[in-house]
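Everything on this sheet refers to the single structure shown next.
Reckoned from all heavy atoms, side chains included, excluding hydrogens, waters and symmetry mates. Residue numbers count from 1 along this sequence.
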Amino acid sequence: MSDVSFHDLSSLDATQRSSLLKRAEADLSVFVEKVRPIIQAVKDEGDAALIRFARELDKANVAEGGLQVSEAEFDAAFDKVEKDVVESIGFGIDNIRRFHEEQKPETMWLKEVRPGAYAGDRYTPIASVALYVPRGKGAFPSVTMMTSVPAVIAGVPQIAIVTPATSDGSVDAATLVAARLAGVQTVYKCGGAHAVAAVAYGTETVKPALKIVGPGSPWVVAAKSVLSSVINTGLPAGPSEAIIFADDSIDGGLAALDLLIEAEHGPDSSAYLVTHSRKVAEVALAALPQHWSRMTEQRVEFSRAVLTGKRGGIVLTASLEDSYRFINDYAPEHLEILSKEPFAHLGHITEAAEILMGPHTPVTLANFVLGPNAVLPTSRWARTYGPLSVTDFVKRSSVGYVTSAAYPELAKHARRLARYEGFSSHENAVSEIRDRYLAG
């Protein structure tokens, strides 16, 4: 398989190495200019623009007045999805719920920082959130599961899903099943940049939201960028990316099998096998044709485009340390540590949004049923962001309470600092002026 990109890291200069770190949405300038008129049209025309863009961009025949999924459509979805799939969606949601319930912070905590002086935090849910579920390269009820469950656990009172409709104007049935089982009943038939604009500004049908979360195409990422001053756009989640790290204890064929998991999402994905073992690399290369022979034509096309392009393939390193360094530089969305002793490597990896340990923990499990959230930061944002969680759906307020006994000492020190910084009103508020009011 000589057409699969093979990168011998030790032979690359700094520029060539840096090029391996680039993602599909690294330069959004082209998309930003294209989404601006779409956003403006939605802002000006509301539902009419959403219906027009559904037909023109999503190739979906959404009827006027039909932008919101009806109760009847929800009910019908359960008849369209095979019973075993409904069962698996429920299984996944149960695990996702169990995991995320542990993340929910206590409503309020207070610590006595000095005798009689208390400080702490209070958590309250965000009032309204939109959950973006992509549709362009397939149906993704798993994204509905991952975004809906933590929002419901957080107690968000207004939750809505936005997702592109299919050609007949309906929404993927499994997505509706997942939404209802997770506890979300509002779904709007719009996707892409126009969906982001709709929840940012609101339309006759779509209620505006304070925040939008969920992965999407460069069009969605660009729209979020343009609208970031209007709506909280959450963690940066763009096209899929993964690193499969394999040491010499692993069969290269297994590494190749897992390399294809995220590569099959689309040609804008990124996927690397990183190993210091030439044997693992060569066996992986040899195994790819056999794995491709068991995949559908479209997914072969997508994954082949990734693995033969500039954002995928095999990276051969000179040592374990070089592998660790490349992984940390890349800061992947998904990372598998394929090793019989995965915990021996874990301490060396600091920059990855999701770390899956050992040969029995492929990305597939984490994407659907393991429990941790699979909506993850992309484009090296794992260096500062973590996975979507319950805390993404709540806001934190600081709480302070000072008793009369504790006030004098705190006021003394605050007064000195206020005077030093030149804020006279700050100083006056903790001076003898306040003392007179308190005494009266």
- Before giving the answer on side chain to side chain contact (heavy atoms under 4.5 Å, CB included), spell out for Ile38 and Leu57 the whole-Å C-alpha distance, their side-chain angles and the decisive distance to 0.1 Å. CA-CA 10 Å; Ile38 295 173; Leu57 303 179; 3.9 Å; yes
- Could you walk me through whether Tyr123 and Val390 pass the side chain to side chain contact (heavy atoms under 4.5 Å, CB included) test, one step at a time? CA-CA 11 Å; Tyr123 291 89; Val390 172; over 6 Å; no
- Below 4.0 angstrom, N of the basic side chain to O of the carboxylate: do Arg304 and Asp3 qualify? yes
- Task: Answer yes or no: is there an ion pair linking Lys189 with Glu73, defined by an N-O contact shorter than 4.0 Å?
- Result: yes
- CG/Leu346 to CD/Glu341 distance, rounded to the nearest 0.5 angstrom? 13.0 Å
- Query: How many angstroms lie between CZ in Phe140 and OG1 in Thr163, if you round to the nearest 0.5 Å?
  - Reply: 9.5 Å
- Message: Checking Val213 against Leu235 for the side chain to side chain contact (heavy atoms under 4.5 Å, CB included) test, could you report, in this order, the C-alpha distance in whole Å, the side-chain angles of both residues, the deciding distance, and whether it holds?
- Response: CA-CA 7 Å; Val213 302; Leu235 64 88; over 6 Å; no
- Item | Residue pair Ser277, Thr275: steps toward the side-chain hydrogen bond (donor to acceptor under 3.5 Å, both in side chains) verdict | CA-CA 5 Å; Ser277 168; Thr275 182; 4.7 Å; no
- Any donor-acceptor pair under 3.5 Å from Tyr272 side chain to Leu20 backbone: yes
- Over all heavy atoms of both residues, which pair between Ala331 and Arg383 is shortest? Give the atoms and the distance, please. CB-CG, 3.7 Å
- Flag, side chain of Lys211 to backbone of Asp392, donor-acceptor distance under 3.5 Å: yes
- Task: Look at the side chain of Ser379 and the backbone N and O of Trp381, then say whether any donor-acceptor pair between them is shorter than 3.5 Å.
- Result: no
- Is it the case that Asn367 and Ser142 place a side-chain donor and acceptor less than 3.5 Å from each other? no
- Query: Going from CG on Leu335 to CE on Met357, what distance comes out if it is rounded to the nearest 0.5 angstrom?
  - Reply: 9.0 Å
- Expected output: side-chain Thr378 to main-chain Gly238 donor-acceptor under 3.5 Å: yes
- Message: Side chains of Phe99 and Leu370, heavy atoms from C-beta outward: is any pair under 4.5 Å?
- Response: no
- d(Glu264 CD, Leu307 CG) to nearest 0.5 Å is 11.0 Å
- Message: Run the side-chain hydrogen bond (donor to acceptor under 3.5 Å, both in side chains) test on Thr317 and Ser323 for me, step by step, so that the C-alpha distance in whole Å, both residues' side-chain angles and the decisive distance to 0.1 Å come before the verdict.
- Response: CA-CA 6 Å; Thr317 66; Ser323 293; 2.6 Å; yes
- Taking Ser249 for the side chain and Lys340 for the main chain, is one N or O donor matched with an acceptor at less than 3.5 Å? yes
- Under the 3.5 angstrom rule, does the side chain of Ser5 hit a backbone N or O of Gly309 as a donor-acceptor pair? yes
- Can any side-chain N or O of Ser88 pair as donor or acceptor with the backbone N or O of Asp84 at less than 3.5 Å? yes
- Carboxylate-amine/guanidinium proximity below 4.0 Å for Asp329 and Arg325: no
- Task: Answer yes if the side chains of Ser170 and Thr166 hold a donor-acceptor pair under 3.5 Å, and no otherwise.
- Result: yes
- Message: For the backbone of Pro332 and the side chain of Glu241, can you confirm whether one donor and one acceptor N or O come within less than 3.5 Å of each other?
- Response: no
- So, the side chain of Asn373 versus the backbone of Pro387: is there a donor-acceptor pair under 3.5 Å, distance only? no
- Enter the distance from Thr107:OG1 to Asp121:CG here, rounded to the nearest 0.5 Å. 12.0 Å
- Taking all heavy atoms of Ala154 and all of Pro125, pick out the closest pair and write down the distance. O-CB, 3.4 Å
- Query: Can you name the nearest heavy-atom pair linking Arg17 to Leu12, along with the distance?
  - Reply: N-CB, 4.2 Å
- Start with the C-alpha distance between Asp8 and Ser11, add both sets of side-chain angles, then the distance that settles side-chain hydrogen bond (donor to acceptor under 3.5 Å, both in side chains), and finish with yes or no. CA-CA 6 Å; Asp8 187 338; Ser11 67; 4.5 Å; no
- Query: Is a side-chain donor or acceptor of Asn232 paired with a backbone partner of Leu210 at a separation under 3.5 angstrom?
  - Reply: no
- Task: Could you tell me the separation between the OH atom of Tyr132 and the OH atom of Tyr188, rounded to the nearest 0.5 Å?
- Result: 16.0 Å
